[in-house]
Amino acid sequence: MLTKARLLMVATLPLYLGPLLAGLTGMGWSAVPVFVAVSALWLVVMRPATWPRDPALWSGEKAVAAAAQVAVNAVIVVVLFAVGRGLGGVAGFVPHIPPFVPVAVSFLAVPLSRLVWDPVKADAMDRFLDDAILQIDKPGHRPPPTTEDPMVNTLLDLPGDCDPVLTADAISAALQGPQASLRLSALAEALDVLHPPRRGLREGLILWATDTGRSAERSILHAQATAFAVAGSDPHLLHLFTTRAVPLLRAAPGLRHSFPDAASVAATIDDALPTTLREGLQDLVAALEKFTPPEERPPAGS
């Protein structure tokens with residue numbers, strides 16, 4: 001990686017050598033925009049994240065950043081051009097070089113730089129290294145996963161204090177059709193990360209998964225187990241889940257396979273929890289054990 005970075009520096013050198021050489025040969029200031037355009041082309045090729053090809057990905061912020069890059073390079077070109085003219089005047093020597101040569105030298109930096117450096121792979125490597133450093137600094141931390149599903153991304157972009165009831169309706173709309181299970185898995189993976197907390201989305205997911213009126217969505221396996229996992233160790237979310245999950249399970253025992261197993265729920269019961277929450281978790285454990293067929297129960301003493 002370091003070797004490639006050094007090669008990129010060498011490959012980029014002609015980009016700035018061109019305007020210096022142009023000034024040295026006595027080219028007029030009208031040539032400066034040509035070198036600014038070449039430097040802009042280099043930016044487009046070598047920094048695709050800043051210069052997206054899809055017009056829909058452009059925003060005001062990206063446009064300002066791109067313009068700032070061009071402006072900085074334009075200043076560098078002007079300075080180098082002026083230095084070249086100054087050196088030529090002081091030395092009293094103006095080399096007779098065809099005007100296209102300095103431009104060709106600058107342009108050469110574009111294919112050379114792309115040949116030694118893949119900006120897409122470099123960005124991926126940068127993200128990998130950033131994640132690795134973060135793991136060293138904060139063991140156990142995982143960056144929030146990304147998804148290509150626009151509906152899932154819309155849910156994840158909701159404000160942290162979004163209305164849970166409205167969010168439950170949005171989740172219900174998103175988890176329709178053949179992609180429902182995949183979207184639920186993507187949501188669960190994103191909410192496995194505690195930062196940002198996304199309390200409104202978590203609460204909305206619990207409301208959706210424990211709503212006795214959502215009979216059309218019962219085919220999504222592990223919906224209730226996902227909601228339980230999303231609650232984590234938050235007393236409020238756990239209380240919301242237990243107070244709604246127990247009546248749901250009693251009304252629809254066939255959903256037992258979509259619930260967490262009794263052992264997992266029992267493992268969350270702690271003396272430090274509020275009394276009402278402990279009782280709610282115990283009620284859920286009892287309901288799960290009640291509706292578990294004898295052949296699926298763990299052996300006694302295990």
Side-chain angles (χ1 to χ4, degrees), residues 1-134 136-137 143 146 148 153:
M1 191 75 173
L2 184 59
T3 302
K4 284 195 172 185
R6 289 172 177 167
L7 287 174
L8 177 63
M9 293 175 63
V10 174
T12 308
L13 194 59
L15 183 68
Y16 303 106
L17 184 60
L20 182 66
L21 185 61
L24 190 61
T25 59
M27 290 179 66
W29 286 98
S30 59
V32 168
V34 177
F35 293 100
V36 172
V38 173
S39 67
L41 176 62
W42 185 91
L43 289 171
V44 171
V45 172
M46 297 306 297
R47 297 184 180 176
T50 310
W51 297 78
R53 308 298 190 266
D54 187 353
L57 297 178
W58 279 91
S59 62
E61 185 178 350
K62 279 191 177 294
V64 170
Q69 289 180 357
V70 173
V72 170
N73 271 24
V75 171
I76 294 174
V77 167
V78 170
V79 170
L80 290 173
F81 193 86
V83 169
R85 287 177 67 90
L87 289 175
V90 171
F93 171 71
V94 178
H96 297 288
I97 299 176
F100 72 87
V101 172
V103 177
V105 169
S106 263
F107 183 80
L108 184 63
V110 178
L112 280 179
S113 298
R114 184 60 183 82
L115 184 64
V116 302
W117 187 267
D118 186 337
V120 176
K121 290 183 178 178
D123 286 344
M125 179 60 72
D126 286 343
R127 289 193 295 270
F128 173 79
L129 292 175
D130 288 342
D131 293 344
I133 292 170
L134 187 60
I136 294 172
D137 291 340
T146 58
E148 298 299 325
N153 285 333

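Values below: every heavy atom of this structure, side chains too, minus hydrogens, waters and symmetry copies. Each residue takes its place number in the sequence, starting with 1.
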Exercise. Does any non-hydrogen side-chain atom of F35 lie less than 4.5 Å from one of P102?
Worked result: yes

Exercise. Is S39 reaching over with its side chain to a backbone N or O of V36, donor-acceptor style, under 3.5 angstrom?
Worked result: yes

Exercise. So which heavy atom on S113 is nearest to which on W42, and how close?
Worked result: OG-NE1, 3.0 Å

Exercise. Do you know which two heavy atoms are closest between W29 and A82, and how far apart they sit?
Worked result: CH2-CB, 3.8 Å

Enumerate, atom names and distances included, each donor-acceptor pair closer than 3.5 Å involving a side-chain atom of residues 7-27, sequence neighbours excluded.
from, atom 1, to, atom 2, distance (Å)
T12, OG1, L8, O, 2.6
T25, OG1, L21, O, 3.3
T25, OG1, A22, O, 2.8

Problem set entry | side-chain contact (heavy atoms from CB on, under 4.5 Å) involving V75 - partner list, sequence neighbours excluded | V79

For this session: Report the distance from atom CG of N73 to atom CG of L80, rounding to the nearest 0.5 Å.
Result: 10.0 Å

